[in-house]
Asker: 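One structure, as structure tokens, below. Some questions next.
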Amino acid sequence: MMIRLVEIKKTYQTSSGPLQVLDSVSVHIKAGEIFGFIGFSGAGKSTLLRCINLLEKPDSGAVFVDGENLTALTKKELLGRRQKIGMVFQHYNLLQNATAFDNAAFPLAIARVPKAERRERVLQSLETVDLSDKAGDYPSKLSGGQKQRVAIARAIVTKPKILLCDEPTSALDPQTTRSILQYLKRINKELGITIVLVTHEMDAVRSICSRVAVMETGRLIETLDMSKELQPPQTGLARFLFASGAGI
Ligand SMILES: Nc1ncnc2c1ncn2[C@@H]1O[C@H](COP(=O)(O)OP(=O)(O)OP(=O)(O)O)[C@@H](O)[C@H]1O
Ligand SMILES: [Mg+2]
């Protein structure tokens, strides 16, 4: 599904006064692409990502998903649309006292999907991330990469059209990072899921993103097409990120 953000603004009230975190951010993410957001800590990347499924409500602006304005929906309608948008986080957010299977099944249990169908879909999701043999294991027995794969299985079990990823590899070593990125790419290609990837790591952008938006203090300052190697970055920050490679 395509996503269009139009002039998104967000200001938090903090103890030291109002803090503008998003300043008229507009971006168009095409259906089927892997789109990155990169920038320094505090640039507003996570806030913007959460605006896409309205976990964070913008002060003004609009969020269109497949042409529908999510900001104009009722709460109930929004809950329905959110089922088409999965989410993956840096720290996995798994239930420690539930097996990999039960973690992946969680969204279906909430949605009261019948047990037989639940089982089939969970096994399929675990298979997609090559974790069929770990279905009965608890998170404490799994490596960081395996935990993130359980989290990905949980995110795709509801058959979303969009996957929002907030620094999904930031807690992982370089080799595991590459593996997780390849799973995201597989999901994008094989399941046709549009992926939005927030990251600090230029290498992650290089390996799987079709385009990347560079964010600085709440503003989107540049969007780059990763297939156009010859297109030079226009802003200092984008040049720095491209030159620095690994991370910031
Ligand atoms: N609920 C909140 N209340 C007040 N300020 C907040 C809140 N959430 C975020 N902020 C502030 O908004 C700014 C942007 O935060 P955000 O988490 O979106 O940045 P980020 O780019 O994701 O950073 P990081 O790379 O560290 O994750 C930061 O200055 C942060 O402290
Ligand atoms: Mg963040």
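In listed order, ligands and their atoms are each counted from 1. All values reported here derive from a predicted model rather than from experimental measurement. Residue numbers count from 1 along this sequence.
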Asker: Under 4.0 Å from any heavy atom of His200, which atoms of ligand 1 are there?
Answerer: 25 (O)

Asker: What verdict does the side-chain hydrogen bond (donor to acceptor under 3.5 Å, both in side chains) test give for Glu201 and Thr169, after you've listed the backbone C-alpha separation in whole Å, the side-chain angles of each residue and the deciding distance to 0.1 Å?
Answerer: CA-CA 9 Å; Glu201 299 153 327; Thr169 61; 2.8 Å; yes

Asker: Quick test: of every protein heavy atom, which one is nearest to atom 25 (O) of ligand 1, and how far off is it to 0.1 Å?
Answerer: Lys45 NZ, 2.8 Å

Asker: Provide, to 0.1 Å, the distance between atom 23 (O) of ligand 1 and the closest protein heavy atom, together with that atom's residue and name.
Answerer: Gly42 N, 2.8 Å

Asker: Hey, is atom 30 (C) of ligand 1 touched by any protein heavy atom at less than 4.0 Å?
Answerer: no

Asker: Gly44 versus ligand 1: do any nitrogen or oxygen atoms come within less than 3.5 Å of each other?
Answerer: yes

Asker: Looking at Asp166 and Val198, would you say the former's side chain and the latter's main chain have a donor-acceptor pair under 3.5 Å?
Answerer: no

Asker: I'd like to know if Leu142 and Val157 are part of one continuous hydrophobic network [Ile/Leu/Val/Met/Phe/Trp/Tyr, side-chain heavy atoms within less than 4.5 Å].
Answerer: yes

Asker: Are any of the N/O atoms in Ser46 less than 3.5 Å from those in ligand 1?
Answerer: yes

Asker: With nothing but distance in play, are any N or O atoms of Val21 less than 3.5 Å from an N or O of ligand 1?
Answerer: no

Asker: Using modelled atom types and a 3.5 Å cut-off, is there a donor and acceptor pairing between side-chain atoms of Gln148 and backbone atoms of Phe89?
Answerer: yes

Asker: Salt bridge or not between Glu117 and Arg121? Use side-chain N to carboxylate O under 4.0 Å.
Answerer: yes

Asker: Hey, does Gln13 come in under 3.5 Å of ligand 1, counting only N/O atoms on both sides?
Answerer: no

Asker: Note the single closest protein heavy atom to atom 7 (C) of ligand 1, along with its residue, its atom name and the distance in Å.
Answerer: Tyr12 CE1, 3.3 Å

Asker: Say whether Leu19, considering both its backbone and side-chain N or O atoms, lies within less than 3.5 Å of an N or O atom on ligand 1.
Answerer: no

Asker: Under 3.5 Å, side chain of Arg178 to main-chain N/O of Ser207, donor-acceptor pair present?
Answerer: no

Asker: Does the protein come close to atom 1 (N) of ligand 1 - that is, does one of its heavy atoms sit below 4.0 Å from that atom?
Answerer: yes

Asker: Distance to 0.1 Å, residue and atom name: give those for the protein heavy atom nearest to atom 26 (O) of ligand 1.
Answerer: Ser41 OG, 2.5 Å

Asker: Check if Arg50 has a non-hydrogen atom at a distance under 4.0 Å from any atom of ligand 1.
Answerer: no

Asker: Go through ligand 1 atom by atom and flag the ones less than 4.0 Å from a non-hydrogen atom of Phe40.
Answerer: 21 (O)

Asker: Return all protein N, O or S atoms below 2.8 Å from the Mg ion (ligand 2), chain by chain in residue order.
Answerer: Ser46 OG

Asker: Please check if the side chain of Ser24 supplies one atom and the backbone of Glu7 the other of a donor-acceptor pair under 3.5 Å.
Answerer: no

Asker: Return the closest protein heavy atom for atom 18 (O) of ligand 1 as residue, atom name and distance.
Answerer: Thr47 OG1, 2.5 Å

